Amino acid sequence: MPSTPWPRPVLAANWKMNLGPAEARQFMAAYLAQPPARHAGSMIIFPPAVSLVAARDAAAARPGIQFGAQNIYWEDKGAFTGEISAPLARAAGATCVLVGHSERRHVFGETDEETGRKCEAAARTGLTPVLCVGETLGQREAGETETVVLRQLRAGLARLTREQVAGALLAYEPVWAIGTGRTATPADASTTHAALRVAVGVILGDPHHGVPILYGGSVNPGNAAALLAAPGVDGLLVGGASLDPASWAAIAASGERPD
Ligand code: PEP
């Protein structure tokens, strides 16, 4: 796991269950044909596992782009049909892995305990875990946002050493904002990011830690700049709007900073 700070903004694309190997190659060719964003910080693309090698190879001309797996199982190998392990993801070119994405939690029933095991497996293999946390609409309306995301945060990081926590990434993704077209306001994002940042500071014993916290949930080229400008938002995790090379390039350009 890299212990060096991630250049901001950290822009992450979650392709979910879209873009097979040939489409991944086409996407990368179209994206790389556009002028690179200036000072674009860090970029991580999370293709489906079957497209990892194709996407990574197609981006060889832009070595700064990192690739990640969307999920792993916590055992390294064995009779776990249908799963991929952290070492297998690494062998396919992943440097990072999403853990606890809301679709894993709410469609596939992944528990807090399982996210902890997955973060542990990622960290011991040298993959950077990108731990996703977020509340449902009901939890938000019940005033439970902070309780829920802090519980998910502590459980996800529970098995990591302090050094591994310091090397992790977090993504705040309100469940009600994912794939719905409904986005948290920059102020809402800042409030929850601040609570997460303080909680990580307590775990690390360092309130000035550099763990990046990304926002995700219906980010698009029209709202990316405002979200990136919100205090405490270190980057974006983007689903639907990352599937089109022009839209992804426009989001990357939102992260440009003046010379
Ligand atoms: C996601 O998949 O992490 C996500 C935020 O999706 P979308 O941008 O489509 O809401």
Side-chain angles (χ1 to χ4, degrees), residues 6 9-19 23-24 27 31 42-49 51-52 55 66-72 89 94 96-110 115 118-119 122 128-137 139-140 145 148-149 152-153 156 168-186 188-190 192-193 196 212-228 230 232-255:
W6 289 77
V10 182
L11 299 174
N14 174 17
W15 288 356
K16 310 194 192 209
M17 200 169 70
N18 299 287
L19 306 188
E23 293 163 313
F27 176 102
Y31 174 70
S42 315
M43 183 175 290
I44 317 166
I45 297 183
F46 295 90
S51 303
L52 252 171
Q66 299 198 40
F67 290 86
Q70 296 176 10
N71 182 36
I72 49 166
C96 305
V97 57
L98 293 177
V99 176
H101 187 276
S102 78
E103 287 144 22
R104 298 304 316 169
R105 294 179 190 267
H106 296 285
V107 180
F108 299 102
E110 190 165 304
T115 65
K118 290 181 180 193
C119 282
T128 300
V130 182
L131 176 65
C132 305
V133 300
E135 81 287 4
T136 63
L137 186 56
Q139 289 165 334
R140 183 174 195 80
T145 298
V148 169
V149 300
Q152 293 172 335
L153 175 85
L169 270 71
L170 300 176
Y172 169 53
E173 297 206 303
V175 179
W176 48 269
I178 297 184
T180 59
R182 214 178 138 182
T183 316
T185 64
D188 283 339
S190 286
T192 306
H193 283 219
L196 291 167
I213 307 179
L214 318 189
Y215 169 79
S218 295
V219 174
N220 60 49
N223 60 23
L227 286 160
L228 281 174
V233 174
D234 300 312
L236 301 170
L237 177 54
V238 185
S242 72
L243 291 172
D244 172 62
S247 154
W248 181 237
I251 291 171
S254 310

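These numbers come from a predicted model, not from an experiment. In listed order, ligands and their atoms are each counted from 1.
The nearest heavy-atom contact from the protein to atom 4 (C) of ligand 1 is Gly239 N, 3.6 Å. Among all non-hydrogen protein atoms, the one lying nearest atom 5 (C) of ligand 1 is Glu173 OE2, 3.0 Å.
By the criterion of a heavy-atom distance under 4.0 Å, the side chain of Asn14, and not its backbone, is placed next to ligand 1.
Annotation: Thr180 places no N or O atom under 3.5 Å from an N or O atom of ligand 1; distance criterion only. For a threshold of 3.5 Å applied to N or O pairs, the pair formed by Gly216 and ligand 1 contains no separation below that value. The distance criterion of under 3.5 Å between nitrogen or oxygen atoms is met by His101 with respect to ligand 1.
For ligand 1, the atoms lying closer than 4.0 Å to a non-hydrogen atom of Gly240 are 7 (P), 8 (O), 9 (O). The contact set between ligand 1 and Gly179, taken as ligand atoms under 4.0 Å from a residue heavy atom, comprises 7 (P), 9 (O), 10 (O). The Ile178 neighbourhood of ligand 1 comprises atoms 4 (C), 6 (O), 10 (O), with distances under 4.0 Å to a heavy atom of that residue.
Residue Ala177 places a heavy atom less than 4.0 Å from ligand 1. Residue contact annotation: Gly217 has a non-hydrogen atom under 4.0 Å from ligand 1.
In this structure, the side chains of Glu173 and Asn14 stay at 4.5 Å or more apart for every pair of heavy atoms.
Of the possible polar contacts, one joining the Ser51 side chain to the Leu19 backbone as a donor-acceptor pair under 3.5 Å is found. The backbone N or O of Lys118 sits nowhere less than 3.5 Å from a side-chain atom of Asn71 that would complete a donor-acceptor pair. With hydrogens and angles disregarded, no donor-acceptor distance shorter than 3.5 Å links the side chain of Ser218 to the backbone of Thr183. At least one donor-acceptor pair under 3.5 Å links the side chain of Arg105 to the backbone N or O of Cys132. With hydrogens and angles disregarded, a donor-acceptor distance shorter than 3.5 Å links the side chain of Tyr215 to the backbone of Gly217.
Separating the CG atom in Leu228 from the CG atom in Leu236 is a distance of 4.0 Å, to the nearest 0.5 Å.
Across Ala241 and Pro221, no two heavy atoms sit closer than the pair CB-CD, 4.4 Å.
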